[in-house]
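One structure below.
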Amino acid sequence: MRKKIVAGNWKMNLDYASGVSLFSEIVNMVRDEKNGDQIAIICSPYIHLNSLAKLGGEVVKIGAQNCHQNDNGAFTGEISAGMVKSVGCEYVIIGHSERRQYFAESNELLAQKTVKALENDLTPLFCIGETLDERNNGSYFEVLKTQLEQGVFGLSAADFSKVVIAYEPVWAIGTGLTATSAQAQEVHAYIRKEIAAKYSNEIAEATSILYGGSCNPKNAAELFAQQDIDGGLIGGASLKSRDFVDIVKAFNS
Ligand code: PGA
């Protein structure tokens, strides 16, 4: 059975007090309303992590949005995977398209970050996705395959089995333009086929593959009902407790 996961990505939003308050609301609602075995995660800015992990760790899991590829040292302003782990985080987003685009994170660097996350017992939520041009010129399968090959396919089978993949078409992130459930399913099935070819059918069947990009309470149930979609990575809608919790509940509708 694949894990069903809904992960919120707050990005660079919410000051400390607002983040703690929103998270408390989400924890209470998830505790009262969730009925199913899905996992809810909030990936907050670093400054919230320590407090959030203490507030709701059992009900809603905590993740970081990035980590550095080294253990420690003279990297002013950076945070290591070990530091993230030390405050009670269990997850870390790696390779979000905004990191790739605005911080020039290459597949090679992301592969290093993934290794560090795993060494520190964090579950990587490893993001891949094509741009609008790549979608329109039909090269998207190739782009996704390269991101997988260079980002995570260097891992041993045992390590890869701990990774969650998130398919986030760049053209759908924050744009209100969701991939249709058929478009998303097509890509998810492709990703699973590539995992099977690289590792095994068994590992491919056990890998959770999340969809991200303008996922909201209205479209989540249809997306999550697709055979190869095992949950979502939620940006904008994770900043509203009602919307986020309704997406968590969309698995049961
Ligand atoms: P969005 O963002 O839900 O606001 O489109 C998704 C993401 O960037 O993870």
Side-chain angles (χ1 to χ4, degrees), residues 4-14 18-19 22-23 26 38-46 48-49 52 60-67 89 91-105 110 113-114 117 122-132 134-135 140 143-144 147 151-152 163-181 183-184 187-188 191 208-224 226 229-251:
K4 298 169 177 176
I5 298 171
V6 175
N9 172 13
W10 284 354
K11 308 192 180 183
M12 195 174 76
N13 291 296
L14 304 169
S18 315
L22 174 60
F23 185 74
I26 289 174
Q38 63 274 40
I39 298 170
I41 306 168
I42 288 292
C43 299
S44 74
Y46 290 126
H48 301 92
L49 294 174
L52 302 196
V60 179
K61 307 286 183 191
I62 311 300
Q65 299 170 13
N66 179 32
C67 65
C89 264
Y91 295 84
V92 59
I93 298 174
I94 294 186
H96 191 281
S97 64
E98 287 149 20
R99 299 292 318 173
R100 292 174 185 266
Q101 186 181 349
Y102 304 132
F103 303 93
E105 295 197 349
L110 298 171
K113 292 189 177 205
T114 304
L122 293 168
T123 299
L125 306 176
F126 190 87
C127 303
I128 60 175
E130 81 281 3
T131 62
L132 188 58
E134 292 160 347
R135 161 85 25 192
Y140 56 102
V143 168
L144 296 165
Q147 291 174 342
V152 283
V163 173
V164 172
I165 302 292
Y167 168 56
E168 298 207 303
V170 179
W171 48 272
I173 295 178
T175 57
L177 267 184
T178 322
T180 63
S181 52
Q183 283 174 324
V187 170
H188 282 231
I191 294 168
S208 296
I209 307 176
L210 315 184
Y211 169 79
S214 298
C215 189
N216 62 44
K218 290 206 175 73
N219 59 30
E222 186 183 331
L223 285 161
F224 297 170
Q226 304 304 308
I229 301 184
D230 307 306
L233 185 51
I234 318 299
S238 72
L239 295 168
K240 294 187 191 130
S241 54
R242 184 70 271 156
D243 284 1
F244 181 69
V245 176
D246 282 347
I247 294 172
V248 172
K249 289 164 67 183
F251 272 117

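When a ligand or atom number is given, it counts from 1 through the structure's own listing order. Scope of the values below: all heavy atoms of this structure, side chains included, with no hydrogens, waters or symmetry mates.
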Lys240 NZ: over 12 foreign heavy atoms closer than 6.0 Å: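 No, not enclosed.
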Using a heavy-atom cut-off of under 4.0 Å, does the side chain or the backbone of Ser97 touch ligand 1, or both, or neither?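 None of Ser97 does.
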Should the proximity of Ile173 to ligand 1, defined as any heavy atom under 4.0 Å, be assigned to the side chain, the backbone, both, or neither?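 For Ile173, the contact with ligand 1 is made by both the backbone and the side chain.
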Output the list of atoms in ligand 1 that are nearer than 4.0 Å to some heavy atom of [X], sorted by atom number.
| X | answer |
| --- | --- |
| Gly236 | 1 (P), 3 (O), 4 (O) |
| Asn9 | 9 (O) |
| Ala172 | 5 (O) |

Parallel, tilted or perpendicular: which describes the rings of Tyr211 and His188, with under 30° parallel and over 60° perpendicular?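 Tilted, since the angle between the ring planes falls between 30° and 60°.
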Minimum-distance pair of heavy atoms, taken over all atoms of Leu49 and Ala64: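 Smallest heavy-atom distance, with atoms named: CD1-CB, 3.9 Å.
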Let's go through His96 and Gln65 carefully: what are the C-alpha distance in whole Å and the side-chain angles of both, what is the deciding distance for side chain to side chain donor-acceptor pair (under 3.5 Å) to 0.1 Å, and is it a yes or a no? CA-CA 8 Å; His96 191 281; Gln65 299 170 13; over 6 Å; no
Quick one: does [X] get an N or O within less than 3.5 Å of an N or O on ligand 1?
| X | result |
| --- | --- |
| Gly174 | yes |
| His96 | yes |
| Thr175 | no |
| Gly213 | no |

Heavy-atom check, side chain of Trp10 versus side chain of Cys43, under 4.5 Å: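 Side chain of Trp10 against side chain of Cys43, heavy atoms only: no contact under 4.5 Å found.
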Salt bridge present between Arg100 and Glu105 (N-O < 4.0 angstrom):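 Salt bridge between Arg100 and Glu105, a charged N being under 4.0 Å from a carboxylate O: no.
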With distance as the sole test, does Thr178 use its side chain to make a donor-acceptor pair with the main-chain N or O of Ser214 at under 3.5 Å?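 Yes.
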Check the pair Trp171 / Glu130 against side chain to side chain donor-acceptor pair (under 3.5 Å), numbers first and verdict last. CA-CA 8 Å; Trp171 48 272; Glu130 81 281 3; 2.9 Å; yes
Are Ser214 and ligand 1 in contact, using a heavy-atom cut-off of under 4.0 Å?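 For ligand 1, residue contact (heavy atoms, under 4.0 Å) with Ser214 is present.
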Checking a contact table here: which protein heavy atom is nearest atom 3 (O) of ligand 1, and how many Å away?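 I find the closest protein heavy atom is Gly235 N, 2.9 Å.
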For atom 7 (C) of ligand 1, what is the nearest protein heavy atom, given as residue, atom name and distance?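 Answer for atom 7 (C) of ligand 1: Glu168 OE2, 3.2 Å.
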